[in-house]
Structures are given as C-alpha cells and as structure tokens.
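What you see is a predicted model; the values in this text were computed from it and never measured.
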Amino acid sequence: MLQTGADIDNSEALTERQQAVLDAALRLLVEEGDNLTMTAVARRASCSKETLYKWFGDRDGLLTATVQWQASKVRVAPVDRKGLDFASLTASLERFASDWLRVISSDTSVALNRVAVGHAGSGKDDLGAIVLQNGRFALARRLKPVLEAGREAGLLDFDDAETAFRTFFGLVARDVQMRLLLGDRLQLTEATIGGDAARATHQFLALYGSRTGRANNRPQGPGAG
C-alpha cells in the first residue's frame, strides 16, 4: 500500500528519556522564557550538561530538538493514494487541524513563540528561523503530499500546493495564535477544537474541492442529494 502523510521528523527516534528532557525544556520556556540555559534544563531534567551536549549539541541544537518535538504532536493521518476518497481526505485534514489547534493553544507553544518573536532580528540566536523551519515549514512538508494526493485522486483542484496549504492553515488558525501571543486567555475546549477543525476543513473543501470528486463521493440510493 502506497501511503503519504507520514511525519517527516526525528521524534520517533527519540528515547523516552530524551523526550522527558525536551518536555522539561518546554516547561522551563513557559516559566523562564528567554532565560533558558543548558544548566537549567539539566537541573530540571536531572541529567548532566554533558549528556545534553552529547544528545543535542549546543543551546541552538536543544532548541531545535524542542521545537521539532512540539511540532511532532501535529500528526497527519497517512492516506492510501490508490483508495483515497472524500471521506478519508476529510478525516486526515480534520485530524491535522485538531492537532495543530491543540498545539498552538498550549502554554508551551505560546511561550516558545513569544521567545522566538522576541529574538527575531535581535542577533541573539536563530530561534525565529528554528521555529519557522521546524514548525510551520515542517508542517507544510507533512501536509502537502496529502493535498497533492487529493488532487491526483480528482478530489481537490488547485494549481499550487503552497497556496492551498496557506489557505488551509489560515482557515484553521484564524486569529487564534495572534490573540494567544498577545495575552488573550482563549479557552479552547476539545469540543471547540473539534468544531473549529471541522469548520475549517469544510470551508477549505468548499474552496478547493473538485466538483467531479465531490459528485463521485455523494451517497447513492434513495434520499441521496
């Protein structure tokens, strides 16, 4: 079975101990923001700095791994290119949207992005570039093959995968991430996230769904619309 949509990151290669260290680094980012140090992470995670340097290299390496670990929580359900239909495409898009909303609304992501925005153009380090490359751009690399598979199956109609991805991203995020970064205490419950994900997916398919693909996937028989 030829599939697409598998995660393109190294999260599955991490040991449970390494994952625990990255979780500790994320908690410190929430608490201390810009003051994150290798010493503080080693102390919080109960490991040596030598171990951190061995696993992640320098501070930028640790930050990169931390961003990748956070982004890996946004999953793209693999799809079968040969048997892809409107229902499975919709389910894959909704799962991506739900996971992404959970991640960007978490305290850890808000703290991480605030630090990255504060560093942008400051010359302190390349955290902004790290977040872009291993966050937003990595998510695009995961989802674009699913969108392209939908086009190949005649379910989607678009000229440029990047434009289609940006549209979907915008429909999912709306103003949520900006409001959270600016301190708005939005309460995104599971019901809210599920509803927003379904709504964004429906809107995206209304824009990019192929008329032929949708017609071929309508229920057949008595009462079919």
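F204 is listed as a side-chain neighbour of L147, based on a closest heavy-atom distance under 4.5 Å. Side-chain atoms of K73 and D99, non-hydrogen and from C-beta on, never get closer than 4.5 Å to each other. Within the 4.5 Å cutoff, no side-chain heavy atoms of F56 are placed close to those of L63. Side-chain atoms of V117 and V131, non-hydrogen and from C-beta on, never get closer than 4.5 Å to each other. Within the 4.5 Å cutoff, the side chain of L156 has heavy atoms near those of the L89 side chain. Looking at V172 and T201, their side chains never come closer than 4.5 Å, going by heavy atoms from C-beta outward. Residues I104 and N113 are not in side-chain contact: their nearest non-hydrogen atoms beyond the backbone lie 4.5 Å or more apart.
Of the inter-residue distances, the one linking L143 atom CG with L93 atom CG reads 6.0 Å to the nearest 0.5 angstrom. Here the CG-CZ distance, from L52 to R59, works out to 12.5 Å after rounding to the nearest 0.5 Å. Summarising the geometry, atom CG belonging to L139 is positioned 11.5 Å from atom NZ belonging to K144; distances are rounded to the nearest 0.5 Å. Between the CD atom of Q19 and the CG atom of L14 there is a distance of 5.5 Å, given to the nearest 0.5 Å. Within the model, atoms CD of E50 and NZ of K54 stand 11.5 Å from one another, a figure rounded to the nearest 0.5 Å. In this structure, OG1 on T37 lies 8.0 Å from NZ on K49, to the nearest 0.5 angstrom.
Panel note: side chain S88, backbone L84; no donor-acceptor pair is recorded below 3.5 Å. Checked by atom type and distance alone, the side chain of S98 never pairs as donor or acceptor with a backbone atom of R95 at under 3.5 Å. In this structure, R114 contributes its side chain and L181 its backbone to a donor-acceptor pair below 3.5 Å. When atom types are taken as modelled, the side chain of R179 and the backbone of L186 share no donor-acceptor pair closer than 3.5 angstrom. With hydrogens and angles ignored, the 3.5 Å screen pairs no side-chain donor or acceptor of T51 with any backbone N or O of C47. Listed for the S109 side chain is no donor-acceptor partner under 3.5 Å among the backbone atoms of S105. Checked by atom type and distance alone, the side chain of Q18 pairs as donor or acceptor with a backbone atom of T15 at under 3.5 Å. A donor-acceptor contact shorter than 3.5 Å is absent between the side chain of T66 and the backbone of A25. Side chain of R142 to main chain of V74: a donor-acceptor pair is present (N/O by atom type, distance under 3.5 Å, no hydrogens or angles).
Note on ring orientation: taking the six-membered ring where Trp is involved, the planes of F96 and F169 are tilted (angle from 30° to 60°).
The two atoms that bring R151 and F158 nearest to each other are NH1-O, 3.1 Å, heavy atoms only. Considering all non-hydrogen atoms of both residues, V146 and S92 come closest at CG1-OG, 3.9 Å. Here the closest non-hydrogen pair linking R44 and A24 is CG-CB, 3.8 Å. Shown here for F168 and A97, the closest heavy-atom pair between the two residues is CZ-CB, 4.0 Å.
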*After noting the C-alpha distance and the side-chain angles of V176 and D184, does the key distance pass the side chain to side chain contact (heavy atoms under 4.5 Å, CB included) rule?*
CA-CA 9 Å; V176 170; D184 193 348; over 6 Å; no

*asked:* Test side chain to side chain contact (heavy atoms under 4.5 Å, CB included) on Y208 and T163; report intermediate values, then the result.
replied: CA-CA 11 Å; Y208 287 100; T163 300; 4.0 Å; yes

*Please lay out, stage by stage, how S210 and L155 fare under the test side chain to side chain contact (heavy atoms under 4.5 Å, CB included).*
CA-CA 5 Å; S210 165; L155 303 172; 5.6 Å; no

*Please test L26 against L22 for side chain to side chain contact (heavy atoms under 4.5 Å, CB included), starting from the C-alpha separation and ending with a verdict.*
CA-CA 6 Å; L26 284 169; L22 295 178; 5.6 Å; no

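Judged as a salt bridge (charged side-chain N to carboxylate O under 4.0 Å, His left out), and not counting sequence neighbours, R27 has no contacts. Applying the side chain to side chain donor-acceptor pair (under 3.5 Å) criterion to R199, with sequence neighbours excluded, gives D196.
Within 6.0 Å of atom CZ in R17, more than 12 heavy atoms from other residues, nucleotides or ligands are found, so the atom counts as buried in its surroundings. Residue D175 places its CG atom among more than 12 non-hydrogen atoms of other residues, nucleotides or ligands, all under 6.0 Å distant. Shown here is D159, whose CG atom has no more than 12 heavy atoms of other residues, nucleotides or ligands within 6.0 Å.
Taken together through direct or relayed side-chain contacts under 4.5 Å among Ile, Leu, Val, Met, Phe, Trp and Tyr, V110 and I193 form part of one hydrophobic cluster. The cluster map of Ile, Leu, Val, Met, Phe, Trp and Tyr, joined by side-chain heavy atoms under 4.5 Å apart, puts L132 and L62 in different clusters.
Defined by atom type and a distance below 3.5 Å, a donor-acceptor pair is present between the side-chain atoms of S106 and T108.
R136 has a carboxylate O that lies under 4.0 Å from a charged side-chain N of E162, or vice versa, which qualifies the two as a salt bridge.
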